[in-house]
Amino acid sequence: MLNYDEALEYIHGLNKFGTKLGLDNITRLLEILGNPHHGMRIIHVAGTNGKGSTCAMIDSILRAAGYKVGLYTSPYLEVFNERIRVNGKNIPDKAIARLTQKVRDAISIMQQKNLGHPTEFEVVTALGFLYFKEQAVDFIVLEVGMGGRLDATNVAMPLVSVITPISFDHQKYLGNTLADISREKCGIIKKGVPVVSGPQEKEALRVIEETCARRGCILKRVLDRCENRENIDFICYNPLRDSLNGQVFDVDTPKNHYSNLKIRLLGSHQLDNAATVVGAIEALELSGIKISRDAIYSGLENARWPGRLEILRENPTVLIDGAHNIAGIRTLKEAILKYFPQKKKILVLGILKDKDYNDMIEEIVPLADAVITTAPDNPRALSAEELAETIRESRIIHEDKNIEVYVRNEIKDALTLSLEIATPGDLIVFAGSLYMIGRVRTIASDLR
């Protein structure tokens, strides 16, 4: 029988099988395991940015309503166990060890029958379904890993499909146009299952609307602002107050008006996500599930999602954000300008080499007074030196201002340097990869 460390070694060792999009392997694996996902009440969430925050808010509301909720997300920040949670608690080490042994035994049967070999993500997805079945959860909030159509989580038959804003990411696997990427995301839309979509670019929205029409799905769309409170056909919101303590806003749906909702998550994009969540919760009524207004209010206010515009300390302010693509970087830029316009800014960047890092650099670096480059804990990481050279060679350095660029290969050294060169009134921002953000959180635990 595997122990916890051996289980993780086995799981992470599966990365040698790479990323193989498709449902054949996960379907066969789950069949051998007894199809633990069958009969489960699932809310399935796809999109480019905002999936995790949206899942966290849905999870929080359902728990506030008294339900037992399984939450499946990726990647993790600090410990693997974060990816599979029940009522906010990580799956225990012993359960990971025991269930990994069970999955490994099932894979042995697959290999004996020449049925292929699952990837790391497929194995973790199977682990999640097994654990949620054992725990007899009332709901599973299920985040797509990549894309949607061929993602391992797409074996699920949900009560509601949710699509957060779609933008460019993972083009190697999903396509080079917004329409192509949207078609992959829309793969989670099942016949007759209601769909709730966050605000979308026209090209993405067109694909979502066409897919819903073709599959006979009710579509509820979120608009970013309410212009007319009468005869509302959409979900919309109005911001009321915004500070580092959180955001207060109203939401209107075709059925209800919610005044003075509050979230503690920072960034105006979280209002998009929160309005989408309200729509998803209301869509459960089509399955006979009614969630109280009190649960919506308290669930939103109590929702937490670490590593996204999260302040770890003050004097100097240390802000971490998992912005890992151009849309995420633009959201981070907007938040920095809104919340910290006057502060001197020290930017610590670590980015994966398969991202559009040149565009990310051009967007965020001009805000900085100094930049420290480092490398995320990931084989796909862009080296700190290469990232620094890219910044030094960019027109930003030569045309905008003289930005000092430092190189620290180790994340711990980058954090130490940032604190050394900062004064109490400065802002230190860590961004570029969730893999780096998780490491920063662990190292800086004594700062919280």
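For clarity, every value in this text was computed on a predicted model and none was experimentally measured.
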Q) Hey, is the main chain of Gly148 close enough, under 3.5 Å, to the side chain of Lys185 for a donor-acceptor pair? A) no
Q.
Do Gln270 and Ser53 make a side-chain contact, defined as non-hydrogen atoms from C-beta onward lying under 4.5 Å apart?
A. yes
(Q) Under a 3.5 Å cutoff, is there a donor and acceptor pairing between the side chains of Asp413 and Tyr406? (A) no
**Q.** Flag for Glu301-Ser298: side-chain donor and acceptor within less than 3.5 Å
**A.** no
**Q.** Within 6.0 angstrom of Ile218 CD1, more than 12 heavy atoms from elsewhere
**A.** no
Q) Does any donor atom in the side chain of Asn35 or Lys133 lie under 3.5 Å from an acceptor atom in the other side chain? A) no
(Q) A side-chain contact here means heavy atoms from C-beta on lying under 4.5 Å apart; do Val162 and Thr276 qualify? (A) yes
Q.
Tell me which pairs pass ring-ring contact (aromatic ring centres under 6.0 Å, His included) where either residue lies in residues 328-366, with sequence neighbours left out.
A. none
(Q) With a 4.5 Å cut-off on side-chain heavy atoms, are Glu420 and Leu417 touching? (A) yes
Q.
Before you tell me yes or no, could you show the steps for Tyr76 and Asn90 under side chain to side chain donor-acceptor pair (under 3.5 Å), namely the whole-Å CA-CA distance, both residues' side-chain angles and the distance that decides it to 0.1 Å?
A. CA-CA 11 Å; Tyr76 64 89; Asn90 296 346; over 6 Å; no
Q: Before accepting this row, confirm whether a basic side-chain N of the pair Arg380/Asp354 lies closer than 4.0 Å to the acidic partner's carboxylate O.
A: yes
Q. Is the number of heavy atoms from other residues, nucleotides or ligands under 6.0 Å of Lys102 NZ greater than 12?
A. no
Q. Are Glu334 and Ser268 close enough that a side-chain donor and a side-chain acceptor fall under 3.5 Å?
A. yes
(Q) What I want to check is whether the side chains of Asn49 and Asn325 have a donor and an acceptor closer together than 3.5 Å. (A) yes
Q.
Determine whether a donor-acceptor pair (N or O, by modelled atom type, separation under 3.5 Å) exists between the side chain of Thr48 and the backbone of Ser167.
A. yes
Q. Hey, does Leu130 have a side-chain heavy atom less than 4.5 Å from the side chain of Leu33?
A. yes
**Q.** Polar contact flag, side-chain donor to acceptor under 3.5 angstrom, Asp250-Asn260
**A.** no
Q) Do the side chain of Glu362 and the main chain of Asn358 share a donor and acceptor less than 3.5 angstrom apart? A) no
**Q.** Within 6.0 angstrom of Lys338 NZ, more than 12 heavy atoms from elsewhere
**A.** yes
Q: Go through the structure and list residues passing salt bridge (charged side-chain N to carboxylate O under 4.0 Å, His left out) with Asp59, not counting sequence neighbours.
A: Arg63
**Q.** 4.5 Å side-chain heavy-atom contact, Ile84 and Phe132
**A.** yes
Q. Taking the side chain as C-beta and beyond, is there a heavy-atom pair between Asn409 and Thr374 under 4.5 Å?
A. no
(Q) Can a donor-acceptor pair be found, under 3.5 Å and without considering hydrogens, that links the side chain of His324 to the backbone of Gly322? (A) yes
Q) Is a salt bridge present between Arg221 and Glu209, judged by a nitrogen-to-oxygen distance below 4.0 Å? A) yes
Q. Relative to each other, are the rings of Tyr67 and Phe139 parallel, tilted or perpendicular (30° and 60° limits)?
A. perpendicular
Q. Ala274 and Leu300: which non-hydrogen atoms are nearest, and at how many Å?
A. CB-CD2, 4.4 Å
**Q.** Neighbour count above 12 (heavy atom, 6.0 Å) for Glu203 CD
**A.** yes
Q.
Looking at Asp426 and Lys345, is any side-chain nitrogen of the basic one under 4.0 Å from a carboxylate oxygen of the acidic one?
A. no
Q: Hey, can you tell me if Phe129 and His37 have their rings parallel, tilted or perpendicular (30° and 60° cut-offs)?
A: tilted
Q: Would you indicate whether the side-chain heavy atoms of Pro158 and Ile43 approach each other to under 4.5 Å?
A: no
Q.
Around atom NZ of Lys94, are there more than 12 heavy atoms from other residues, nucleotides or ligands closer than 6.0 Å?
A. no
Compile the donor-acceptor pairs under 3.5 Å between side chains in residues 280-290 and protein atoms, sequence neighbours left out, one pair per line.
residue: Glu282; atom: OE1; partner: Thr253; partner atom: OG1; Å: 3.0
residue: Glu282; atom: OE2; partner: Thr253; partner atom: OG1; Å: 3.1
residue: Glu282; atom: OE2; partner: Asn256; partner atom: ND2; Å: 2.9
residue: Glu282; atom: OE2; partner: Tyr258; partner atom: OH; Å: 2.7
residue: Glu285; atom: OE2; partner: Lys290; partner atom: NZ; Å: 3.2

Q: Taking all heavy atoms of Pro165 and all of Asn273, pick out the closest pair and write down the distance.
A: CD-OD1, 4.3 Å
Q. Do the side chain of Arg41 and the main chain of Gly39 share a donor and acceptor less than 3.5 angstrom apart?
A. no
(Q) Run Ser197 and Gln200 through side chain to side chain donor-acceptor pair (under 3.5 Å) and show every step you take. (A) CA-CA 8 Å; Ser197 170; Gln200 304 288 354; 3.2 Å; yes
Q. Do the side-chain N and O atoms of Thr153 and Asp151 include a donor-acceptor pair separated by under 3.5 angstrom?
A. yes
Q. Is it true that Arg441 and Glu310 have a side-chain N and a carboxylate O under 4.0 angstrom from each other?
A. yes
Q | Glu134/Arg98 ion pair, N-O < 4.0 Å | A | yes
Q. Considering only heavy atoms from C-beta outward, does the side chain of His44 approach that of Asn154 to under 4.5 Å?
A. yes
Q) Taking all non-hydrogen atoms of both residues, which atom of Ala303 and which atom of Ala56 are closest, and how far apart? A) CB-O, 4.2 Å
